[in-house]
Amino acid sequence: MTKRVIFHIDVNSAYLSWEAVYQLQQGSNVDLREIPSVVGGDIKKRSGIVLAKSIPAKKYNIKTGETLFSAKLKCPHLVIVPPRYKLYMDCSAAMGEILKKYSPSIQFFSIDEVFLDYTNLERHFGPPEMAANLIKDDIKKTLGFTVNIGIGSNKLLAKMASEFEKPDKVHTLFTEEIPSKLWPLPVDELFMVGSKTKEKLLEKNIKTIGQLANTNPNFLYSFLKSHGILIWNYANGRENSPVRNESLPMKCLGNSTTIPFDVTTKEDAHKILMGLTENLCFRLRNLKKCASVVSVSIKNNLFEHYSHQKKLSHYTNCTKIILESVKILFAEMWNREPIRQMGIQLTDFCDSDFHQLSFFDPDPIKYKHLDNAIDKIRLKYGKDSIFPSCYLHSKINPLQGGVIKEEDYPMMSSIL
DNA sequence: TCTGGGGTCCTAGGACCC
DNA sequence: TCTGGGGTCCTAGGACCC
């Protein structure tokens with residue numbers, strides 16, 4: 001059996017790099033990568049967090065996910081640019097086109113991370129490190145941004161290797177290098193060890209990936225359940241999932257939004273929920289799917305989060321039917337406390353072409369035609385070209401949620 | 001530090017059935 | 001009326017990722 005060679009390509013400070021390249025192309029004489037800068041939301045709309053930071057911004061101890069307010073305190077002259085997701089998707093797709101020249105087997109893991117299977121391809125582009133450098137420099141020369149490439153015996157090791165030293169670097173992490181390169185690292189640098197798991201491991205005096213690797217898995221299972229076995233295997237470099245060319249079937253579809261003000265009335269809440277439902281059902285129909293489980297979630301002004309869900313008697317993608325369920329679920333759970341964020345999620349899908357119509361629907365064909373007519377107008381003239389009249393003179397936007405505006409993008413899975 | 005929006009997977013308890 | 005065990009479905013919540 002031939003030894004597998006997997007690459008993990010990771011764009012350095014993706015959103016910020018892409019923004020910087022775009023601004024240079026537009027004639028700007030400032031490279032955002034060379035000054036303290038971040039891509040972030042809008043402080044006034046309460047969605048103000050750091051999505052990506054430049055290396056100079058990192059020197060001010062600015063972290064991804066922190067508030068723009070806090071970042072500004074650390075660096076008063078910080079440059080903040082709003083995100084442009086359509087641009088990022090185009091950059092991501094362009095990188096994918098380059099990668100396809102080097103292997104028939106690539107898998108997008110997120111908008112800025114790709115796995116590439118280089119097994120048995122040495123005769124084309126040389127040994128793995130040479131090929132990885134070729135790819136890295138090809139992307140830099142053609143598209144203007146830098147990537148890190150990790151090379152490993154499986155996807156996990158390749159991903160860990162791409163994290164080592166940044167930017168614009170190639171690193172290897174083969175099985176025989178695990179004790180020297182992986183085991184000395186702090187345990188929370190391991191993929192799938194987040195803050196909660198880190199705390200529990202520290203309580204047991206497990207501080208490094210090496211200590212985790214050499215812990216009895218039964219002991220880990222006793223306080224982390226199956227997740228303990230997963231991270232124990234990862235700490236030992238064991239992982240064998242294939243680089244998948246085709247995307248896995250969708251499991252969940254949702255839209256949520258943080259409202260610029262705390263919602264305290266049913267009327268405002270219903271407008272938000274209608275906007276979210278319209279947007280979500282539009283996406284669902286574009287994917288040619290129907291769903292049978294509807295879930296509504298709320299975050300209150302104390303940041304407490306809770307949700308209610310319900311299985312419908314049949315599959316549907318009809319805005320009106322889903323909105324009715326959403327309103328019922330909301331009424332069941334809301335105790336009139338101020339709401340900061342609302343979300344709607346759909347799960348359990350079937351293909352819309354063949355789904356069973358319900359006898360109990362008021363008039364399924366009529367609503368289907370209505371949804372289709374609205375979808376066509378929105379596709380042709382833009383999403384905000386048509387909206388319910390209750391939004392006129394309202395302080396609430398008609399279409400809520402959805403950072404990705406143009407099309408749906410394949411997202412990552414927590415399992416490699 | 002006063003914390004977005006998009007996902008996936010897992011667990012636990014209760015209902016219900018045989 | 002009380003006892004049992006196993007299986008599946010449903011629901012709520014939590015952990016992780018980018």
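The sequence lines fix the lettering, A, B, ..., with proteins before strands; numbering per chain opens at 1.
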### Message
As a test of reading the structure: which of B:dT3, B:dT11, C:dA15 is closest to the side chain of A:Ser226, going by heavy atoms?
### Response
B:dT11
### Per A:Glu113 side chain, nearest of listed nucleotides C:dC17, B:dA12, C:dC18
C:dC18
Considering just the side-chain nitrogens and oxygens of [X], establish if one lies under 4.0 Å of OP1 or OP2 belonging to [N].
X	N	result
A:Thr257	B:dG5	yes
A:Ser256	B:dG6	yes
A:Arg283	B:dG7	yes
A:Gln341	B:dG4	no
A:Arg340	B:dG4	yes
A:Lys225	C:dG14	no
A:His305	C:dG14	no
A:Ser195	C:dA15	no
A:Lys299	B:dG4	yes
A:Asn255	B:dG5	no

### Query
Out of A:Lys266, A:Glu267, A:Met274, which one pairs with A:His270 under the side chain to side chain contact (heavy atoms under 4.5 Å, CB included) rule?
A:Lys266
### Task
Would you kindly give the CD-to-P distance between A:Gln345 and C:dG14, to the nearest whole Å?
15 Å
### Query
Below 4.0 angstrom, N of the basic side chain to O of the carboxylate: do A:Lys155 and A:Asp117 qualify?
no
### Message
Does this structure show an ion pair linking A:Lys136 with A:Asp168, if we count only N-O contacts that are shorter than 4.0 Å?
### Response
yes
Base, sugar-phosphate, or nothing for [X], non-hydrogen atoms under 4.0 angstrom?
X	result
A:Lys63	nothing
A:Ser295	nothing
A:Val293	nothing

